[in-house]
Amino acid sequence: MRDPQTTLAVICKALSESIATGEFSSKGRLPSERALSEHFSTTRITLREALSQLEAEGLIYREVRRGWFVSPPRIIYNPLQRSHFHAMAKDQGRSAQTEVIDARQCAASAAVCQKLQLPPDSEVICIRRLRYIDGRPVLYVEHYLNALYFQGILDADLTSSLTDLYASRYDIHYGRVRFEMVPTLLTEEASRALRVASGSPALFITRTNRDQHDRVIDCDLEYWRYDALHIDVEVN
């Protein structure tokens with residue numbers, strides 16, 4: 001009988017080869033854990049350890065109550081490029097979609113007020129959106145807008161690009177931008193939206209934007225699936 005580590009290596013190698021040759025369904029769904037356990041004549045514990053290892057390598061991902069799937073190619077993200085989400089996806093031959101979770105005016109947290117350079121407890125516009133690449137939710141984002149500059153924006157189509165909306169409706173264009181990127185664990189809200197287990201790893205990007213007049217106009221709190229994003233920056 002093989003020891004668990006040998007079995008683990010065999011499973012990972014076999015599944016990696018199957019993924020590389022496209023042996024799974026057109027939607028990239030793996031067989032159930034029960035079927036895989038029987039196929040490899042192993043326990044569910046050993047199988048899950050192998051699946052977790054492949055997930056850590058970015059080869060597969062799990063959706064709550066749906067099972068395991070082959071990870072599609074990562075979206076390439078260059079923070080220095082002034083391109084919005086839909087344009088970025090289109091340029092890479094991918095399909096993008098945006099869903100508005102909710103949009104309202106509310107009192108901002110102390111952290112958001114600090115980033116927007118507003119007094120404590122200031123009213124801001126909060127827009128929460130879920131963004132998809134090729135039908136897969138990859139980004140949960142909270143946008144916080146200085147309400148002074150965007151009156152009436154809650155009546156607009158918020159599934160479209162905010163960048164384009166700012167320009168066409170308010171004649172506001174992005175100027176300087178500050179990025180902060182840290183690895184983190186998904187919040188309960190972000191996990192639920194992205195259909196993954198609470199506490200799953202993520203890349204947390206905070207983006208604070210100024211306009212052409214150097215006014216701080218908004219900040220975005222972005223929670224990316226860690227296996228969906230490839231940061232690629234070239235500086236001359």
J.: Restricting to non-hydrogen atoms, name the atom on G152 and the atom on R169 that form the minimum distance, rounded to 0.1 Å.
T.: O-NH2, 3.1 Å
J.: Considering only heavy atoms from C-beta outward, does the side chain of L145 approach that of I217 to under 4.5 Å?
T.: no
J.: Any chance you could measure Q53, atom CD, to L8, atom CG, to the nearest 0.5 Å?
T.: 5.0 Å
J.: Should P31 and H39 count as side-chain neighbours, where that means a heavy-atom distance under 4.5 Å?
T.: no
J.: Could you tell me if R136 sits above the aromatic ring of F69, with its cationic atom closer than 6.0 Å to the ring centre and no more than 45 degrees from the axis?
T.: no
J.: Given R129, which partner from the list T159, L162, L139 fulfils the side chain to side chain contact (heavy atoms under 4.5 Å, CB included) test?
T.: L162
J.: With side chains defined as the heavy atoms from C-beta onward, is the minimum distance between R192 and Y140 less than 4.5 Å?
T.: no
J.: Can any side-chain N or O of R207 pair as donor or acceptor with the backbone N or O of E222 at less than 3.5 Å?
T.: no
J.: Looking at side-chain heavy atoms only, is the closest gap between L54 and S16 below 4.5 Å?
T.: yes
J.: When you measure from the side chain of R74 to the backbone N and O of Y226, does any donor-acceptor pair fall under 3.5 Å?
T.: yes
J.: Please check if any side-chain donor atom of E189 sits under 3.5 Å from a side-chain acceptor atom of T187, or the reverse.
T.: no
J.: Any donor-acceptor pair under 3.5 Å linking the side-chain atoms of D218 with those of Y166?
T.: yes
J.: Are any of the side-chain heavy atoms of H86 and T98 separated by less than 4.5 Å?
T.: yes
J.: If you round to the nearest 0.5 Å, how far is CG of L185 from OH of Y223?
T.: 10.5 Å
J.: Counting C-beta onward and ignoring hydrogens, is there a side-chain heavy-atom pair between L15 and L59 closer than 4.5 Å?
T.: no
J.: Work out which heavy atom in C219 is nearest to a heavy atom in K115; give both atom names and the distance.
T.: SG-CB, 4.4 Å
J.: Can you tell me if Y170 uses its side chain to pair, donor with acceptor, with the backbone of Q151 under 3.5 Å?
T.: yes
J.: Give the C-alpha distance, both sets of side-chain angles, the deciding distance and a yes or no for salt bridge (charged side-chain N to carboxylate O under 4.0 Å, His left out) between R34 and E38.
T.: CA-CA 6 Å; R34 175 181 293 179; E38 293 174 355; 5.1 Å; no
J.: Can you name the nearest heavy-atom pair linking R195 to G135, along with the distance?
T.: NH2-O, 4.5 Å
J.: Looking at every heavy atom in both L47 and E33, which two are closest together, and how far apart are they?
T.: CD2-O, 3.1 Å
J.: Using a 3.5 Å distance criterion without hydrogens, assess whether the side chain of Q117 forms a donor-acceptor pair with backbone atoms of R215.
T.: no
J.: For R225 and D227, run salt bridge (charged side-chain N to carboxylate O under 4.0 Å, His left out): C-alpha distance rounded to whole Å, both residues' side-chain angles, the deciding distance at 0.1 Å, then the answer.
T.: CA-CA 5 Å; R225 291 189 62 125; D227 58 350; 3.3 Å; yes
J.: Atom CG of D220 and atom CD1 of I205: how far apart are they, to the nearest 0.5 Å?
T.: 10.0 Å
J.: May I ask you to decide if H213's main-chain N or O and D211's side chain share a donor-acceptor pair within less than 3.5 Å?
T.: yes
J.: Tell me the closest heavy-atom pair linking E123 and A147, and the distance in Å.
T.: O-CB, 4.0 Å
J.: Do R94 and P73 come within less than 4.5 Å of each other through their side chains, counting heavy atoms only?
T.: yes
J.: Can you confirm whether L118 sits close enough to V216 that some side-chain heavy atom of one is under 4.5 Å from a side-chain heavy atom of the other?
T.: no
